[in-house]
Asker: 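Below you will find the structure I want to go over with you.
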Amino acid sequence: MSSHGAPIPMISRKSAGLKGEAHVPGDKSISHRSLILGALSIGETRISGLLEGQDVLDTGRAMQAFGATVENLGNGNWRVEGVGVGGFAEPENVIDCGNSGTGVRLIMGAMATCPITATFSGDASLNGRPMARVTDPLALFGAQTVGREGGRLPMTIVGARSPVPVTYTVPVPSAQVKSAVLFAGLNTPGETVVIEQEATRDHTERMLAGFGAEITTEVTKEGRVITLQGQPELKPQTIVVPRDPSSAAFPVCAAIVTEGSDVLVPNIGLNPTRAGLFTTLQEMGAELTYENLREEGGEPVADLRARYSPNMKGISVPPDRAASMIDEYPVLSVVACFAEGVTEMRGVKELRVKESDRIDAMAVGLRAAGITVEEGEDWWTVEGLGFGEVPGGATVESRLDHRIAMSFLILGMASEAPMTVDDGGPIATSFPIFESLMGGLGAVVERV
Ligand code: S3P
């Protein structure tokens with residue numbers, strides 16, 4: 001079932017060389033944070049390049065339910081009139097976060113230290129995902145939570161009336177958990193400290209500083225120690241959302257595996273906490289180059305040029321790179337099918353609790369497409385067959401997971417027989433223009 005309506009089966013077939021420019025949508029992580037931080041500022045935040053995918057639209061609606069004004073001005077331009085730190089109103093109804101783990105976890109953090117009660121729910125995928133990783137630290141601030149067994153949604157959070165500051169070591173590498181704790185720290189007096197052993201995406205830290213919060217990061221033996229001074233007055237900002245490297249991954253990988261391709265993907269942020277896939281592809285021998293490397297808004301940005309890469313080798317992806325490419329393993333496993341030899345992916349237990357169990361979803365689908373996959377709790381390997389040797393020809397489940405759907409559609413562009421996914425509907429959560437963008441490059445991808 002699609003997250004918002006009837007299933008949309010899709011098929012992709014062996015495509016001739018992909019050519020042209022791929023203008024991918026705005027960054028999902030930064031889009032969520034722009035709306036939430038805009039809502040927590042006093043005054044008008046302007047956002048351009050916002051990702052208008054379902055996940056982000058659900059976060060926008062949630063901010064309205066908490067009292068902010070969120071207005072679509074057209075052409076990717078949005079206006080948020082914030083209520084200030086601690087200014088959230090109590091929502092009238094259940095907050096439906098759809099498919100979005102980032103949306104629900106960040107918003108829970110932002111409301112948990114306000115004297116209000118809110119109930120959160122989502123689609124079948126989101127309602128199956130673990131929330132204790134967020135509600136455990138929120139309880140330390142004084143928030144109370146009642147949810148379904150195993151810490152699942154739907155869930156009600158009673159915000160702390162007199163929140164106390166917290167020092168918290170994040171037990172899993174998760175930017176969502178880190179961000180939830182920092183957002184809870186905003187309406188808490190004193191210093192909130194978050195320690196992360198592995199660096200995860202740092203958009204929250206950068207954006208909080210941009211909105212005028214006092215926040216520092218110190219790299220120590222224990223990890224990154226992030227200290228936030230509570231109860232700042234956040235100042236509204238003008239935000240230009242960069243294009244999403246996690247969406248860029250799809251046209252980049254499609255070009256690499258499709259014979260005769262040469263695709264330019266302009267203006268992609270290469271923040272080191274996000275760019276692990278591109279390093280990995282280069283190590284495999286992919287013809288992927290950075291053009292026009294520059295700095296924008298304090299972040300490295302480049303135009304990515306990806307060409308058909310017939311001479312790739314399987315590699316062992318270093319486990320300490322996992323956080324910087326956690327959303328990209330499904331599409332990496334597709335590229336790995338076309339390399340010579342085995343690609344090993346270790347230290348990736350978190351893949352089991354994404355929109356789907358991504359190791360299982362990919363393993364089942366790749367095996368159906370004729371690929372040998374081995375897996376354990378926190379690792380998997382894919383045996384590459386090389387170009388012209390990947391059978392394909394399977395119908396696979398997308399399991400309410402946009403990245404699973406897109407990954408198998410990329411596979412079908414280069415495998416011998418077409419690939420069908422039972423439901424491409426979830427693609428709209430993060431990459432609503434996927435079908436037209438890939439079609440514009442020459443890929444054969446369509447609704448069945
Ligand atoms: C995100 C963090 C990651 C990532 C997700 C977006 C974020 O999740 O998978 O797509 O914007 O903070 P985890 O925090 O679960 O690793």
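Whatever order the structure lists ligands and atoms in, that order sets their numbers, starting from 1.
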Asker: Collect the protein residues that have a non-hydrogen atom under 4.0 Å from ligand 1 and hand them over in chain and number order.
Answerer: S29, R33, T102, P173, S174, A175, Q176, R201, I326, D327, K354
Asker: Considering only heavy atoms from C-beta outward, does the side chain of H402 approach that of E355 to under 4.5 Å?
Answerer: yes
Asker: Who passes side chain to side chain contact (heavy atoms under 4.5 Å, CB included) against A254, sequence neighbours left out?
Answerer: L18, I410, M413, M438
Asker: Among residues two or more places apart or on two chains, list those pairs meeting ring-ring contact (aromatic ring centres under 6.0 Å, His included) that have a residue in residues 32-80.
Answerer: F66-F88
Asker: Using a strict threshold of under 4.0 Å (side-chain N to carboxylate O), is an ion pair present between R399 and D422?
Answerer: no
Asker: Sequence neighbours left out, what passes side chain to side chain contact (heavy atoms under 4.5 Å, CB included) with E375? Give chain and number order.
Answerer: R352, I359, D360, A363, R367, W380
Asker: Within the side chain of T113, is there an N or O that forms a donor-acceptor pair under 3.5 Å with the backbone of A184?
Answerer: yes
